[in-house]
Amino acid sequence: MVKNVTTTTTVDIDQPINLETTMESGQVFRWEEVQGWYIGVIGRDGYAIKQTSSGLLIRTSNPDKQATIKSIRNFFRLDDDLEKFYAELQHDQSLREAFQHWRGLRLIKQDPWECLISFVCSSVSNIPRIKKNLNSLAKAYGRPIYLANNTVYEFPSPRQLSKISVDDLLQLGLGFRAEYIVKIVNHKLAGKLNLQKLLIDNYANAKAELTKLPGVGNKIADCVLLFSLEKLEGFPIDRWVMRALVDWYGHSENARYSDLLNWAHEMWGTKAGYVQQYMYQQRRLS
DNA sequence: GTAGGCCCTTACTT
DNA sequence: AAAGTAAGGGCCT
């Protein structure tokens, strides 16, 4: 039975938001732009999202409008006050330029499981390849969701991935990350990883749990913590953020990750995550 | 604790 | 066209 009914909902937004910039900021990899609409999955529903003058226009397989508004507000973290954030850091010239250039770039709150697997895939990869890998995974093992003329796929749960082998993932082009993912799936199925617990845990404890996983070190743990586990002090340092730290603040190129992280925490506290997102965007795309 | 080699491929550049 | 290099790191020694 094909479920292709869509419900249209508008979400008014009184916050800075730039849909395109946010969706293309390397946080999420499975949202596809089609004629001004971003098409993807949140939870168990498919969504097509378009920016309008007053906010967002939403078409979704979810018939419950109130639930849709709630999930959109949650996804784009619309309770985070970006204007206040800009104002508090406007004395920093480099950041101020990034804020002006990328106004409306928001952190996204995504599903922890998909986020974890996504960033394990990101290791020494590139965005086109990461997208291909994750879409292959979802299409092969995830439940299809029919949304008007489009088919999108729910990201496969640990149980849905329970039957995968390293060879299967190699076939999908995952490379050396294949082994990590199979191990993480088994770890999860064995009940040794409780992502919901990490959601309410503090940054340090949650990070310690994540870095126990194969393929998850300092950087990838910070991505998962920041983008899905509500840890806004998460400060992933990839090569772009590293270049910003070197060029803007005079850090050494071979500084230790932990030292840079501590410095960022003293400097920005729980604003570090948003700062990182603007640094990444500015240094990579300007 | 830490530096260096290695990992599997793909996408993009020269 | 073929070769080289970078790509949102992590693991092992």
Side-chain angles (χ1 to χ4, degrees), chain A residues 21-32 98 102 105-108 110 112 114-137 139-140 164-187 193 207-229 231-248 251-262 264 272-286:
Chain A
T21 299
T22 299
M23 288 300 204
E24 306 285 352
S25 65
Q27 299 183 66
V28 290
F29 302 99
R30 297 204 307 125
W31 286 83
E32 187 194 3
W102 304 106
L105 169 61
R106 305 190 69 86
L107 286 174
I108 291 175
Q110 49 183 301
E114 175 166 1
C115 190
L116 171 61
I117 301 302
S118 296
F119 284 94
V120 170
C121 288
S122 78
S123 183
V124 204
S125 189
N126 52 66
I127 290 178
R129 181 182 181 181
I130 299 165
K131 287 182 174 178
K132 198 181 81 170
N133 289 164
L134 293 172
N135 282 324
S136 301
L137 259 181
K139 192 165 183 175
I164 61 168
S165 66
V166 173
D167 271 346
D168 295 332
L169 295 182
L170 289 176
Q171 290 300 313
L172 297 182
L174 274 287
F176 65 83
R177 306 156 197 86
E179 207 164 326
Y180 295 152
I181 291 173
V182 169
K183 285 181 179 171
I184 290 173
V185 168
N186 292 333
H187 194 85
L193 172 65
K207 187 165 193 174
E209 283 301 310
L210 288 175
T211 51
K212 285 178 186 171
L213 301 170
V216 182
N218 234 324
K219 189 270 178 183
I220 287 175
D222 268 330
C223 290
V224 178
L225 291 165
L226 177 62
F227 301 143
S228 74
L229 292 173
K231 308 298 184 270
L232 294 189
E233 65 269 59
F235 191 77
I237 305 170
D238 72 331
R239 57 198 72 209
W240 299 106
V241 172
M242 176 62 93
R243 284 168 200 170
L245 290 171
V246 171
D247 296 348
W248 299 358
H251 287 287
S252 160
E253 291 189 25
N254 38 36
R256 281 160 27 186
Y257 192 102
S258 59
D259 288 340
L260 293 170
L261 184 61
N262 288 334
Y274 267 102
V275 168
Q276 175 276 161
Q277 200 57 35
Y278 280 87
M279 289 172 106
Y280 170 74
Q281 193 80 357
Q282 178 73 357
R283 204 60 189 74
R284 185 172 76 103
L285 296 176
S286 290

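Below, read A as the first sequence line, B as the second, and so on, with proteins coming before strands; counting in each chain starts at 1. The basis for the numbers below is simple: all heavy atoms, side chains too, and nothing from hydrogens, waters or symmetry mates.
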*Within this structure, what is the CE-to-P distance between A:Met242 and C:dA6, rounded to whole angstrom?*
16 Å

*Nearest nucleotide by nearest heavy atom, which residue falls closer to the 5' end of DNA chain C, A:Ile130 or A:Tyr180?*
A:Ile130

*So what does A:Arg283 hit on the nucleic acid, given a heavy-atom distance under 4.0 Å: a base, only sugar-phosphate, or nothing?*
nothing

_Once you apply a heavy-atom cut-off of 4.0 Å, does A:Gly215 come out as touching a base, just sugar-phosphate, or nothing?_
sugar-phosphate

*Check the distance between B:dC12's C1' and A:Ile127's CD1 and give it to me in whole angstrom.*
14 Å

*NA contact type, A:Glu179, heavy-atom cut-off 4.0 Å: base, sugar-phosphate, or nothing?*
nothing

*When you get a sec, tell me which of B:dA11, C:dG9, C:dA7 is the closest nucleotide to the side chain of A:Ser123?*
C:dG9

*Looking for any heavy atom pair under 4.0 Å, which part of the strands does A:Gln276 touch: base, sugar-phosphate only, or nothing?*
base

*A:Arg129 (side chain) and B:dC8 (base): donor-acceptor pair under 3.5 Å*: yes

*Between atom CG in A:Leu210 and atom P in C:dG10, what is the gap in whole Å?*
12 Å

*A:Leu172 near the nucleic acid: base, sugar-phosphate alone, or nothing, with a heavy-atom cut-off under 4.0 Å?*
nothing

_Student check: side-chain heavy atoms of A:Asp247 and A:Arg283 closer than 4.5 Å_ = yes

*Answer yes or no: is there a side-chain heavy-atom contact under 4.5 Å between A:Leu107 and A:Leu226?*
yes

*A:Gly175 near the nucleic acid: base, sugar-phosphate alone, or nothing, with a heavy-atom cut-off under 4.0 Å?*
base

*Rounding to a whole Å, what distance do you find between A:Tyr257:OH and B:dG1:C1'?*
18 Å

_Students often get this wrong, so: under 4.0 angstrom with heavy atoms, is A:Ser25 touching a base, only sugar-phosphate, or nothing?_
base

*On a whole-Å scale, what distance lies between the P atoms belonging to B:dC8 and C:dT13?*
15 Å

*asked:* I need the NZ-P distance between A:Lys132 and C:dA7, as an integer number of Å.
replied: 19 Å

*What is the pairing partner of B:dC8, taking Watson-Crick or G-U wobble pairs with both distances under 3.5 Å in any strand?*
none

*Does a nitrogen or oxygen in the side chain of A:Arg239 sit under 4.0 Å from OP1 or OP2 of C:dA6?*
no

*Salt bridge between A:Lys207 and A:Asp222, side-chain N to carboxylate O under 4.0 Å?*
yes

*asked:* Contact between A:Phe29 and A:Asn135 at the side-chain level, heavy atoms closer than 4.5 Å - yes or no?
replied: no

*Is there a side-chain polar atom (N or O) of A:Arg177 under 4.0 Å from OP1 or OP2 of B:dC7?*
no

*asked:* How many whole angstroms separate atom NZ of A:Lys183 from atom C1' of C:dC11?
replied: 10 Å

*5'-most contact on DNA chain C: A:Pro128 or A:Lys212, nearest heavy atom basis?*
A:Pro128

*Flag the pair A:Gln27 / A:Gln110 as yes when at least one side-chain heavy-atom distance between them is below 4.5 Å, and no otherwise.*
yes

*Spatial distance of atom CG (A:Leu172) from atom CD1 (A:Ile181) [nearest 0.5 Å]*: 9.5 Å

*Whole angstrom is fine here: how far is it from OH in A:Tyr280 over to C1' in C:dA7?*
10 Å

*Counting side-chain heavy atoms from CB outward, which of C:dG10, B:dT10, B:dT2 is closest to A:Lys219?*
C:dG10

_Proximity to the side chain of A:Arg256 - top-ranked nucleotide from B:dT2, C:dA7, C:dG9_ = B:dT2

*To the nearest angstrom, how far is A:Lys131 atom NZ from C:dA7 atom C1'?*
15 Å

*asked:* Considering every strand and a 4.0 Å limit on heavy-atom distances, what is the contact class for A:Val120: base, sugar-phosphate, or nothing?
replied: nothing

